[in-house]
Number of protein chains: 2
Amino acid sequence: MATPNIVEVASLIGDESRAAMLMNLLGGRALPASELARAARVTPQTASSHLAKMVEGGLLVHEAYGRHRYYRLASEEVGQALEALNAIALPKPVRSLRESDQSKALHFARTCYDHLAGEVGVALTDRMLELGLIRAEGRDYVVTTDGAKWFPDFGIDLDGIRRGRRHFARECLDWSERRHHLAGALGAALTNRLFDLGWIERVPGGRAVRVTRTGFARLESDLGATFEESRKGAKISESPSV
Amino acid sequence: MATPNIVEVASLIGDESRAAMLMNLLGGRALPASELARAARVTPQTASSHLAKMVEGGLLVHEAYGRHRYYRLASEEVGQALEALNAIALPKPVRSLRESDQSKALHFARTCYDHLAGEVGVALTDRMLELGLIRAEGRDYVVTTDGAKWFPDFGIDLDGIRRGRRHFARECLDWSERRHHLAGALGAALTNRLFDLGWIERVPGGRAVRVTRTGFARLESDLGATFEESRKGAKISESPSV
DNA sequence: CAAAATATTCGACCATCATCGAAGTGTGGA
DNA sequence: TCCACACTTCGATGATGGTCGAATATTTTG
């Protein structure tokens with residue numbers, strides 16, 4: 001056949017346990033094998049087997065720290081492929097109220113590989129476009145002259161980012177909003193900054209993200225970004241909790 | 001689990017026979033079950049089973065014409081997911097000289113869903129951008145005032161296309177060139193026109209496309225588009241065959 | 001109407017592979 | 001050194017699913 005090994009890649013993703021692990025890693029962090037085993041509800045032996053296959057297949061990479069072994073997605077492209085598959089997956093049957101809540105949380109804000117996605121990610125990107133901080137150009141975003149002033153003020157080192165060999169700022173289409181948001185090195189840096197500032201925080205045990213009370217206030221006052229009131233109340237958290 | 005049925009979709013693609021069928025359908029045309037069975041080198045029974053599963057899974061749709069049943073990709077998103085998977089697939093081992101030729105032909109020119117991709121597709125799009133006939137705007141292309149004159153002259157009914165509910169002109173990233181080219185309704189219309197004019201023609205048994213002798217001449221004289229000389233010689237065909 | 005072509009369903013066979021128990025490797029701490 | 005912990009490898013088991021032969025619609029052709 002003239003086809004590349006798309007079959008291998010797809011069949012790796014097409015397993016319940018492995019998909020569960022990949023979805024957890026789509027949060028962007030590197031996770032130890034034991035936690036991935038727990039996430040997929042399989043024994044460590046089974047998980048180890050799966051992880052080895054996914055490394056072999058080019059989906060994951062691993063780093064050893066002490067007696068732990070951390071796994072993460074091999075590249076940005078892997079994350080994009082996972083999102084693309086999500087986009088064509090049939091609407092999921094919601095099984096419980098708890099799952100419905102988690103689903104809403106995911107739609108509202110989540111990490112996609114290492115940048116912000118969901119309603120918040122899209123709204124933030126839209127707002128930066130409206131303010132003329134960035135501009136869409138093909139599949140990439142470019143920082144405008146206004147943006148070249150704003151980003152450093154916000155605590156983001158543009159030159160440092162540019163020195164890396166990673167894509168500077170790409171468009172990423174997400175499955176829930178079906179619209180674009182900022183990805184690439186700039187998207188990751190912005191997201192990290194938001195975490196550092198305490199405007200957003202991770203929801204433990206998944207890739208959902210919560211916007212904090214200060215986050216809502218500052219996003220509105222500094223950027224003029226607004227979100228649906230109904231969801232706002234439900235997602236506010238004053239203190240990090242489990 | 002909180003995950004959608006990404007597992008089902010991925011495992012559908014993760015089968016040798018089904019992937020072969022999907023790759024053929026990525027050309028954009030609707031193909032009968034028998035031809036897909038031949039492409040995947042399986043019996044009609046097996047193919048029928050696979051096709052039913054892919055329809056069930058939302059990857060394909062079918063239309064009945066007489067005693068034939070034509071299958072095609074269910075949506076543009078499916079094509080994009082396939083391209084995304086191709087992008088992370090490991091570099092393909094070329095097994096034979098014949099396959100190498102086919103691989104080169106695919107890189108040079110092919111249909112992607114229903115528009116032109118490969119080196120030719122990218123070059124054509126670049127040239128239209130340089131001539132100011134179209135302009136990139138976000139993920140879409142828009143027709144300029146110059147373009148509004150040029151396209152009808154070329155035999156393309158812009159108003160007719162706009163009346164459809166399909167995306168007018170989108171960007172599409174292909175895996176071989178890793179660059180953009182014109183897709184959407186306008187891209188499809190342009191490609192059809194090139195077929196009608198006899199500037200390009202399908203290579204039987206695949207999604208590769210051949211640029212005819214007149215095609216090369218007219219693309220160069222009318223648009224100023226040029227291609228690599230080395231490949232040019234190998235791909236010229238004087239008379240439409242089969 | 002008969003014969004050929006297209007595509008489907010049913011049933012059986014067989015290979016693949018996910019899973020886990022048991023045992024092994026290597027690291028960290030007392 | 002001994003033990004606990006994280007992870008891996010090996011081997012056996014069981015289930016899923018791809019494959020094709022045979023039979024069944026349905027439509028086109030002669």
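Below, read A as the first sequence line, B as the second, and so on, with proteins coming before strands; counting in each chain starts at 1.
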Indicate for each nucleotide in nucleotides 20-30 of chain C, in 5' to 3' sequence, whether protein heavy atoms under 4.0 Å reach the base (B), only the sugar-phosphate (S), or nothing (-).
-> BBB----BS--
Could you go through residues 61-68 of chain A and list every donor-acceptor pair under 3.5 Å that involves a side-chain atom there, pairing it with any protein atom two or more places apart or in another chain?
unit_1  : atom_1 : unit_2  : atom_2 : d
A:His62 : NE2    : A:Arg69 : NH2    : 2.7
A:Glu63 : OE2    : A:Arg72 : NE     : 2.8
A:Glu63 : OE2    : A:Arg72 : NH2    : 3.1

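C:dC17 atom P lies 11 Å from atom CG of B:Asp15, rounded to whole Å. Here D:dT26 presents its C1' atom at 14 Å from NE2 of B:His62, a figure rounded to the nearest Å. The nearest whole Å value for the distance from the CG atom in A:Leu51 to the C1' atom in C:dT19 is 15 Å. C:dA18 atom C1' lies 17 Å from atom CG of A:Leu36, rounded to whole Å. Spacing between atom CD of A:Glu35 and atom C1' of D:dC5 amounts to 16 Å, rounded to whole angstrom units. Atom pair A:Glu16:CD and C:dC17:C1' shows a separation of 15 Å (rounding to whole Å applied). Put simply, CE on A:Met54 is 15 Å from C1' on C:dC17, counting in whole angstrom units. Straight-line distance from the OH atom of B:Tyr71 to the C1' atom of C:dA7: 8 Å, rounded to whole Å.
A close approach under 4.0 Å does not occur between any side-chain nitrogen or oxygen of B:Tyr70 and OP1 or OP2 of C:dA7. The shortest distance between the side-chain N/O atoms of A:His50 and the OP1/OP2 oxygens of C:dC17 is not below 4.0 Å. OP1 or OP2 of D:dG18 has not a single side-chain nitrogen or oxygen of B:Ser17 nearer than 4.0 Å. Applying the 4.0 Å criterion to OP1 and OP2 of D:dG18, one finds that B:Lys53 has a side-chain N or O inside that range. Close to C:dT8, at under 4.0 Å from its OP1 or OP2, lies a side-chain N or O of B:Arg69.
Under the side chain to side chain contact (heavy atoms under 4.5 Å, CB included) criterion, A:Ala188 pairs with A:Asp114, A:Arg166, sequence neighbours left out. Considering only residues two or more places apart in sequence or on other chains, A:His115 meets the ring pair (Phe, Tyr, Trp, His ring centres under 6.0 Å) condition with A:His181. Under the side chain to side chain contact (heavy atoms under 4.5 Å, CB included) criterion, B:Ser17 pairs with B:Asp15, B:Ala40, B:Val42, B:His50, sequence neighbours left out. Residues meeting the side chain to side chain contact (heavy atoms under 4.5 Å, CB included) test with A:Thr43, sequence neighbours left out: A:Gln45, A:Thr46.
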How far apart are the C-alpha atoms of B:Glu83 and B:Leu26, what are their side-chain angles, what is the distance that settles it, and do they pass the side-chain contact (heavy atoms from CB on, under 4.5 Å) test?
-> CA-CA 9 Å; B:Glu83 298 276 352; B:Leu26 200 50; 3.6 Å; yes
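Within the 3.5 Å criterion, the main-chain N or O of B:Trp199 finds no donor-acceptor partner in the side chain of B:Thr214.
Side-chain atoms of A:Pro32 lie closest to D:dC7 of the nucleotides D:dG18, D:dC7, C:dA18.
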